[in-house]
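Take a look at the structure below.
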Amino acid sequence: MKFTLEYKADNSRARAGVLSTDHGDIHTPIFMPVGTAATVKGVFHRDLKSEVKAEIILGNTYHLYLRPGLDILHRAGGLHKFSAWDKPILTDSGGFQVFSLADCRKITEEGCKFSSHIDGSKHLFTPENVIDTQRIIGADIMMAFDECPPAMAERSYAEKSLALTHRWLKRCYNHYEQTEPLYGHFQALFPIVQGCVFRDLRSESAKYVSDFDAKGYAIGGLAVGEPAEQMYEMIEVVNEVLPTDRPRYLMGVGTPANILEAIDRGVDMFDCVMPTRNGRNGMLFTWNGTMNMRNKKWEDDFTPIDSTSNSFASRQYTKAYLRHLNISGEMLAAQIASMHNLAFYLELVSVAREKIIDGTFKQWKDGIVNQLSQRL
RNA sequence: GGGGAGAUACCAAAGUGGCCAACUGGGGCAGACUGUAAAUCUGCUGGCGUACGCCUUCGUAAGUUCGAAUCUUGCUCUCCCCA
């Protein structure tokens, strides 16, 4: 796995690069559609390639471990084969579930005990077995097992949590180095920076993870409820420390404006459920702002959903039709919106990349962020 | 022609003397959603008011009562059964 950077000097930290994997090149900055349970909900792989122009998608260790389970994934020959996706895959380690399933889990030094949300059965994730699971899934990029504390975490908790995440990272790395890929393609392991909203903890964490010679680094624990400005500040602090010649992945972020601001601060990779989840719930992202497709004002708007979209559905179907589908609870509404939103997100980062290479990113970004804040 | 049942808000449907501006569901309107336990969740849905509240509503007209969607009578309409 190799990362090459190519960009003109600008008054921004934005970078354009290419991350080469055994399943193909990823042009950064990139947005990675979330495909938690071995599917980007509502979108065919064919359309992810031709319409959305996705270059890499996510999977989730927690969900895939529970269903279909490791035996099936292993016998299928890994997630690429199982789901018929031949481009890169990144898997989250289950660290985020350690946070989001707070009601039914217990964190110890060893790892995290949790109850399955499917059948209540008890399981244990450890830094070691999470690596094993991601080996079986066959992700091109595996994530370290971390704890993602809530936005309002106290300083004392943040320190304790960070120390645990660091100890877990060391164990992840040791186990990573002692194990081999199962399907013949290289698998990277990305460490995750934590530290809540404390500058010194973030800086310390960035230093700590930088000591591991990883192919890329992730910034976790942001966009969990803190103000956007605070998130941007943390990104700046962290990116001052992380190696410049490796990709930086901001986990779980975010709105189109969040992404542009993070690119401006040197982030290369993003993922977020917003384009798909919000899309399923009737929300569309466009260059001019967001639209709630359930709103009455679209009832008789017979113009295309978005005539400039890469998604054929957004060019062919009208707003009035999509509103009707949403109001009627038709599954096609979710499919159209998911494809549209993902295509927009990918176009957003693709145009950002062009502007970075032009050396005109900063100026362009400021104008677009203003435009994106609209509510249509 | 004879007998029976019923009319409640956009729809359906509870309520059968005061705790009823009226349960609940649907529909409608709006909002939320950031490493997906989410095709989910929340709020509003007679009028005016931020609110205490006030006003007008349970087919229609009259009546009983301190008080009526609820009881009585007339009328109108609907449905079912028998001829």
Side-chain angles (χ1 to χ4, degrees), chain A residues 31-43 56-64 66-67 90-105 114-121 130 134 139 141-151 165 190-194 218-228 231 248-259 261-262 267 269-285 290-299 323 325-338 341 345 375:
Chain A
F31 179 80
M32 308 180 280
V34 177
T36 305
T39 163
V40 176
K41 296 183 195 300
V43 186
I56 172 173
I57 61 176
L58 257 69
N60 192 292
T61 301
Y62 168 84
H63 297 81
L64 295 171
L66 289 177
R67 210 160 49 187
L90 179 152
T91 42
D92 188 25
S93 62
F96 186 71
Q97 278 63 45
V98 171
F99 158 72
S100 64
L101 302 177
D103 293 343
C104 47
R105 50 85 165 149
F114 61 90
S115 294
S116 160
H117 70 276
I118 298 165
D119 62 4
S121 54
V130 154
Q134 292 182 96
I141 299 172
M142 310 191 289
M143 299 306 300
F145 190 55
D146 66 335
E147 189 199 354
C148 177
T165 288
F190 282 19
I192 303 172
V193 173
Q194 287 288 353
I219 307 169
L222 291 177
V224 289
E226 80 286 1
M231 170 170 78
R248 296 123 169 205
Y249 161 32
L250 179 58
M251 305 185 76
V253 174
T255 65
N258 288 160
I259 288 174
E261 293 296 351
V267 175
M269 303 167 69
F270 301 88
D271 80 283
C272 188
V273 303
M274 287 184 99
T276 40
R277 178 191 290 168
N278 290 28
R280 285 195 304 279
N281 295 330
M283 183 174 178
L284 250 50
F285 294 91
T290 60
M291 300 193 279
N292 182 345
M293 292 315 299
R294 290 188 302 229
N295 286 172
K296 194 174 182 62
K297 61 186 160 191
W298 309 119
E299 187 174 44
R323 171 181 143 88
L325 295 178
N326 267 292
I327 293 294
S328 307
E330 286 292 334
M331 65 174 87
L332 186 60
Q335 294 177 274
I336 292 172
S338 297
N341 283 344
Y345 266 64
R375 182 66 180 271

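Just so it is clear, the structure is predicted and the values come from calculations on it, not from any experiment.
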Quick one: label [X] by what it contacts on the DNA or RNA (base, sugar-phosphate, nothing), any heavy atom closer than 4.0 Å.
X	value
Glu226(A)	nothing
Leu90(A)	nothing
Thr276(A)	base

Are any of [X]'s side-chain N or O atoms less than 4.0 Å away from OP1 or OP2 of [N]?
X	N	value
Gln97(A)	A37(B)	yes
Gln335(A)	A39(B)	no
Arg277(A)	U34(B)	yes

What distance, rounded to whole Å, do you find between the two [atom1] atoms, one in [N] and one in [M]?
N	M	atom1	result
U73(B)	U65(B)	C1'	16 Å
C81(B)	A9(B)	C1'	32 Å
U70(B)	U16(B)	C1'	5 Å
A14(B)	U8(B)	P	11 Å
C52(B)	G67(B)	P	27 Å

- Message: Using heavy-atom distances to pick each residue's nearest nucleotide on RNA chain B, tell me which of Phe96(A) and Gly329(A) is more 5'.
- Response: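 The 5'-side residue here is Phe96(A).
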
- Task: Could you check Ser116(A) against Met274(A) and say which one's nearest nucleotide on RNA chain B is further toward the 5' end?
- Result: Met274(A)

- Which residues satisfy the side-chain contact (heavy atoms from CB on, under 4.5 Å) test with Arg294(A), sequence neighbours excluded?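 Testing Arg294(A) for side-chain contact (heavy atoms from CB on, under 4.5 Å), a comparison that skips the adjacent residues, returns Asn292(A), Asn326(A), Ile327(A).
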
- side-chain contact (heavy atoms from CB on, under 4.5 Å) involving Arg277(A) - partner list, sequence neighbours excluded: Val273(A), Arg280(A), Asn281(A)

- Query: Heavy-atom contacts under 4.0 Å between residues 35-43 of chain A and RNA chain B, which residues?
  - Reply: Thr36(A), Lys41(A)

- Task: Before giving the answer on side chain to side chain contact (heavy atoms under 4.5 Å, CB included), spell out for Ile336(A) and Leu325(A) the whole-Å C-alpha distance, their side-chain angles and the decisive distance to 0.1 Å.
- Result: CA-CA 10 Å; Ile336(A) 292 172; Leu325(A) 295 178; 3.8 Å; yes

- Asp271(A) has an atom CG; how far is it from atom P of U34(B), in whole Å?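 Roughly 12 Å, once rounded to whole Å.
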
- Rounded interatomic separation in angstrom, taking CG from Asn278(A) and P from U42(B):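 Answer to the nearest Å: 17 Å.
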
- Note on the structure: By side-chain hydrogen bond (donor to acceptor under 3.5 Å, both in side chains), Ser115(A) pairs with (sequence neighbours left out) none

- Message: Quiz question: by atom type and distance under 3.5 Å, do the side chains of Gln194(A) and Thr165(A) form a donor-acceptor pair?
- Response: no

- Task: At under 4.0 Å between heavy atoms, which parts of nucleotides 26-32 of chain B does protein reach? Answer with one letter per nucleotide, 5' to 3': B base, S sugar-phosphate only, - none.
- Result: --SSSBB

- Query: How close do Ala151(A) and Glu226(A) get, heavy atom to heavy atom, and via which atoms?
  - Reply: CB-N, 3.5 Å

- Contacts of type salt bridge (charged side-chain N to carboxylate O under 4.0 Å, His left out), residue Lys297(A), not counting sequence neighbours: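 Listed in chain order: nothing, the list is empty.
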
- Could you list the residues that satisfy salt bridge (charged side-chain N to carboxylate O under 4.0 Å, His left out) with Glu261(A), not counting sequence neighbours? Arg265(A), Lys365(A)

- Item | Tyr62(A): ring pair (Phe, Tyr, Trp, His ring centres under 6.0 Å) partners, not counting sequence neighbours |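 Per chain and number, Tyr62(A) pairs via ring pair (Phe, Tyr, Trp, His ring centres under 6.0 Å) with Phe114(A), His117(A).
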
- Query: How would you list, by chain and number, every residue that makes a ring pair (Phe, Tyr, Trp, His ring centres under 6.0 Å) with Tyr249(A), sequence neighbours excluded?
  - Reply: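 So Tyr249(A) forms no ring pair (Phe, Tyr, Trp, His ring centres under 6.0 Å) with any residue.
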
- G-U wobble or Watson-Crick pairing nucleotide for C58(B) (cut-off 3.5 Å, both distances): none

- Query: Is there a donor and acceptor pair, one atom on the side chain of Ser100(A) and one on the base of U36(B), closer than 3.5 Å?
  - Reply: no

- Query: Quick one: the side chain of Asn60(A) and the base of G35(B), do they pair up donor-acceptor inside 3.5 Å?
  - Reply: no

